[in-house]
Amino acid sequence: AQSVTQPDIHITVSEGASLELRCNYSYGATPYLFWYVQSPGQGLQLLLKYFSGDTLVQGIKGFEAEFKRSQSSFNLRKPSVHWSDAAEYFCAVGALGTGGFKTIFGAGTRLFVKA
Amino acid sequence: DVKVTQSSRYLVKRTGEKVFLECVQDMDHENMFWYRQDPGLGLRLIYFSYDVKMKEKGDIPEGYSVSREKKERFSLILESASTNQTSMYLCASRPYREVHEQYFGPGTRLTVT
């Protein structure tokens with residue numbers, strides 16, 4: 001069965017510092033991978049997605065993620081964090097099945113940004 | 001832009017009440033979803049619908065039912081609310097059978113007292 005693990009429940013970084021949020025997935029075939037962000041009091045917004053091709057994908061707000069099949073990972077990175085990046089981040093894996101495309105979400109990583 | 005709206009941002013209900021949460025999307029998406037979000041557990045799928053009048057149980061359907069009479073509207077029903085259903089409820093939609101992201105509403109924070 002598909003599953004997603006985000007090992008870090010919360011992370012604190014200083015504004016201007018680099019960021020890496022970890023995500024490991026379990027899936028038997030080529031996965032479809034997503035990162036979503038949830039700002040306080042808001043729904044989830046897609047940051048980026050990987051379906052195939054280049055394993056380094058660029059997203060919105062200066063984020064990028066790298067798919068590493070050998071490590072079953074899809075880590076999210078940003079070179080310089082801004083205070084407005086404080087939010088909760090969810091990694092997700094998707095697969096086609098009966099009834100359509102099903103998405104499994106990780107438990108989330110909450111990012112705190114300190115001045 | 002896809003827009004998914006939910007009828008209430010905050011809701012307070014008493015134990016045993018029947019609760020309706022409404023979700024409307026404006027992009028003619030076939031698939032619609034209801035999740036609940038709890039700290040440390042991420043998003044858990046309650047029910048989804050891949051077409052009008054069609055529904056499938058998700059991972060945690062107990063205590064919930066759904067209704068989809070029109071393509072744009074997907075309702076979550078708590079037949080008899082309990083305190084353990086206090087949570088954030090998120091609705092989402094997506095085109096059918098496409099490898100595609102979901103579009104989320106802002107969520108409803110439900111408190112059952």
Side-chain angles (χ1 to χ4, degrees), chain A residues 1-10 21 23-25 27 29-53 57 59-60 63 65 74 87-110, chain B residues 1-10 21 23-25 29-60 66 68 88-109:
Chain A
Q2 302 96 336
S3 66
V4 179
T5 302
Q6 294 181 247
D8 304 304
I9 297 172
H10 54 79
L21 301 182
C23 173
N24 293 99
Y25 67 89
Y27 183 58
T30 300
Y32 301 103
L33 297 162
F34 307 84
W35 274 100
Y36 288 86
V37 61
Q38 184 181 34
S39 299
Q42 303 296 317
L44 276 68
Q45 179 186 18
L46 181 74
L47 280 176
L48 49 78
K49 59 190 177 187
Y50 171 78
F51 292 167
S52 64
V57 293
I60 61 170
F63 286 91
F74 189 56
E88 189 153 24
Y89 293 79
F90 293 93
C91 181
V93 63
L96 283 168
T98 55
F101 187 69
K102 189 175 180 182
T103 308
I104 309 297
F105 290 85
T109 298
R110 183 166 294 278
Chain B
D1 277 355
V2 175
K3 191 163 186 183
V4 180
T5 57
Q6 295 183 231
S7 51
S8 305
R9 293 300 301 272
Y10 300 94
L21 302 182
C23 175
V24 177
Q25 51 94 5
H29 286 168
E30 288 80 6
N31 285 188
M32 296 188 75
F33 305 82
W34 275 107
Y35 295 90
R36 65 175 282 174
Q37 180 183 11
D38 299 289
L41 297 178
L43 277 68
R44 292 181 292 167
L45 182 64
I46 305 172
Y47 268 96
F48 69 99
S49 168
Y50 50 88
D51 208 342
V52 176
K53 297 189 186 296
M54 308 299 281
K55 61 184 179 184
E56 293 284 340
K57 293 181 180 179
D59 301 318
I60 52 163
V66 291
R68 191 155 180 215
M88 170 71 89
Y89 290 87
L90 293 169
C91 176
S93 73
R94 189 185 67 217
Y96 180 63
R97 279 199 175 275
E98 286 186 27
V99 178
H100 211 288
E101 68 266 29
Q102 295 183 28
Y103 298 87
F104 284 84
T108 296
R109 172 76 62 186

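A note on names: the letters A, B, ... follow the listed sequences, proteins ahead of strands, and every chain is numbered from 1.
- For B:Arg109, no part lies under 4.5 angstrom from a heavy atom of chain A.
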Please tabulate, for side-chain N and O atoms in residues 37-44 of chain A, each donor-acceptor pair with protein atoms closer than 3.5 Å (sequence neighbours left out).
residue	atom	partner	partner atom	Å
A:Gln38	OE1	B:Gln37	NE2	2.7
A:Gln38	NE2	A:Gln42	O	2.9
A:Gln38	NE2	B:Gln37	OE1	3.0

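- For chain A, the nearby part of B:Leu90 is the side chain; its heavy atoms alone come within less than 4.5 Å.
- Atom CD1 of B:Ile60 has more than 12 heavy atoms from other residues, nucleotides or ligands within 6.0 Å.
- Heavy atoms closer than 4.5 Å to chain A are found nowhere in B:Asp38, neither backbone nor side chain.
- Between A:Phe63 and A:Tyr89, the angle of the ring planes lies from 30° to 60°, which puts this pair in the tilted group.
- A:Arg110 pairs by the salt bridge (Lys or Arg N to Asp or Glu O under 4.0 Å) definition with A:Glu88, not counting sequence neighbours.
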